[in-house]
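Note that ligands are numbered from 1 as they come in the structure, with each ligand's atoms numbered from 1 the same way. Quick note: residue numbers are just sequence positions, from 1.
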Amino acid sequence: MKLIDQYLRKVNYLRVSVTDRCDLRCVYCMKEKMQFLPRKDILTLEEIERLCDNFIDLGVEKIRLTGGEPLVRKDIIKLIERLNYKKYNTNLKEITITTNGTLLKKYANQLRKNGIERINVSLDTINPEKYNKITRFGNIEKVFDGINESLNEGIKIKINTVVIKDFNENEIEELINWTDSKKIDLTFIEVMPMEETDISREYQFTSLTDIFENLNKKYNFRQSTHNTGGPARYYVSDSLSSNIGFISPLTNNFCATCNRVRISSTGKLFMCLGQNDYVDFMDIMRKDFSDNYIKEKIKFALNIKPKNHDFMIDSKINKYMKRHMNVTGG
Ligand code: SAM
Ligand code: SF4
C-alpha cells in the first residue's frame, strides 16, 4: 500500500518525537526556561509502536526518532528493538535517530545492536566555548566522544548544523574540514521560525543561498547523486570526500518533493513542519478505536497535507509556528 497525498506526493517517511524533553537548551530551539509536559500527556512507547505499525501498514518505509532529545526517553532502546524486528516482516526498511549526541557514548553499542545504521548528530560549532553558549550549558567533549564511539561501532554519521547569524557563519569552512577529515557528511540548515525563543528570529536567521555561493567559489560543487528524497540538496567537490547538504526552507523551497509527516510526543500528526494544522491521535490511541479507524484518520490527514510550508521571517510581521522545534523534532 502507498500513502499518496492530494498533490500526488508519496509519503513514506515518518518522524516521531518521542519526548519534548532535552538535556540541552539550544538558543534557537528553546527558551531558557521551558515548561515540559507531564508524562501522562506524552504517548507511551506502546502507543508510539501501535501508531508506527499503522503507518508501516500504509506504506511507511523509514522512521526517524527525534525529540526533544530521543536518548533521554526512558526505555528508548526497547522501542528501537521492537521497531527493528519489523524490518524483517513488514515494509519498514530503516530506523534512524536525530540526536544532540551527548548520550551517544553510552548508547552507541545498543543502537548498533538494534539495527541503527545511520544517525544524524546536531552540532553547530566545534569550538567548546561557543558550543557551551549556543546550547546554554553543553559540554562538547561528550558529543565528540559520542561521535567517535558511534563511528567505532560502524554507525554512519551525518552532522546537522544550523547556521546562525553572527555565530557560526565564519566557522563553515572549519566545520567542512572537520567533517571531511572524519569522512562524515555535513548538512547546513537555515533557522526556521518555530515559536518564539529569547532572541528574535531576524537576529538568528542568515540565508544559506549566500553561504552556498561563497563556498561554491572555493569548492566548485557538483550536484550529488546522493538523494534522501528529503529537503536537503547535496553537493560533492573534487577537494572533499564527503557530501555537503543544504536545507534552505526560507530561501529555496523544497515542498514539491516532501515525503514525510511528523508525530509529536503528544500524538499530534503534523502534515507539515511549517504549518500549524494537525490531526490529534492522542484520544484515538487512548480510547477503544480499531486499527482500521486509525488508518482512516491517517489517510484523512494525508489528504489535507498542505502544498507548501508557511515559513516567513520578517521583523514587521513577527510570524511564528505555534510550537517549538522540540515538539515535532525538526
Ligand atoms: N535533540 C535532537 C537534536 O538536537 O538533534 C533532536 C531534536 S532537534 C529539535 C532536531 C533538529 O532541529 C536539530 O538539528 C536542531 O538543530 C534543529 N532545530 C531546532 N530548532 C530549529 C530552528 N528553529 N530552525 C532550524 N532548525 C532547528
Ligand atoms: Fe535539545 Fe535538540 Fe532542541 Fe538543542 S536542538 S535544545 S538538543 S531538542
Test your reading of the structure: does Y28 have an N or O sitting under 3.5 Å from an N or O of ligand 1?
yes

Going by the atom numbers of ligand 2, which of them fall below 4.0 Å from some non-hydrogen atom of N100?
7 (S)

Pick, from V18, V72, N160, V162, the option with the minimum heavy-atom distance to atom 17 (C) of ligand 1.
V162

Determine whether any heavy atom of G68 lies closer than 4.0 Å to an atom of ligand 2.
yes

Are more than 12 heavy atoms from other residues, nucleotides or ligands located less than 6.0 Å from atom CZ of R82?
no

For T99, is at least one N or O under 3.5 Å away from an N or O on ligand 1?
yes

Would you call the rings of F270 and Y278 parallel, tilted or perpendicular, taking 30° and 60° as the class edges?
tilted

Using only heavy-atom distances, determine whether the side chains of K105 and N148 contain a donor-acceptor pair under 3.5 Å.
no

Taking heavy atoms and a distance under 4.0 Å, where does C26 meet ligand 2: side chain, backbone, both or neither?
both

Consider side chain to side chain donor-acceptor pair (under 3.5 Å). Of R64, R262, E94, which one does Y13 pass it with?
R64

Looking at V191, which atoms of ligand 1 are within less than 4.0 Å of one of its heavy atoms?
24 (N), 25 (C)

What is the distance from atom CD1 of I80 to atom NZ of K113, rounded to the nearest 0.5 Å?
13.5 Å

Atom CZ of residue position F300 - does it have more than 12 heavy atoms of other residues, nucleotides or ligands inside 6.0 Å?
no

Does the plane of the ring in F281 sit parallel, tilted or perpendicular to the ring in F55? Use 30° and 60° as the thresholds.
tilted

If you apply the rule side chain to side chain contact (heavy atoms under 4.5 Å, CB included), what do you find for L51 with L269, and how did you get there?
CA-CA 10 Å; L51 259 177; L269 177 64; over 6 Å; no

Judged on heavy-atom distance to atom 2 (Fe) of ligand 2, which of G67, G101, G138, C22 sits nearest?
C22

Does the Lys NZ or Arg CZ of K305 fall within the cation-pi geometry relative to Y7 - under 6.0 Å from the ring centre and within 45° of the axis?
no

Heavy atom under 4.0 Å from ligand 1: found in L24's side chain, backbone, both, or neither?
neither

Quick one: which ligand 1 atoms are inside 4.0 Å of a heavy atom on T98?
2 (C), 5 (O), 6 (C)

Select one of side chain, backbone, both or neither to describe which atoms of T66 lie under 4.0 Å from any atom of ligand 1, heavy atoms only.
side chain

Among P70, S122, G68, G67, which one puts a heavy atom closest to atom 1 (N) of ligand 1?
G68

With atoms numbered from 1 as shown, which atoms in ligand 1 lie under 4.0 angstrom from a non-hydrogen atom of C29?
19 (C), 20 (N)

Between N84 and K87, do the side chains contain an N or O donor and an N or O acceptor separated by less than 3.5 Å?
yes

Less than 3.5 Å between some nitrogen or oxygen of M192 and one of ligand 1, yes or no?
yes

Below 4.0 Å from any atom of ligand 1, is there a heavy atom belonging to E190?
yes

Identify the protein heavy atom lying closest to atom 3 (Fe) of ligand 2, giving its residue, its atom name and the separation to 0.1 Å.
C29 SG, 2.4 Å

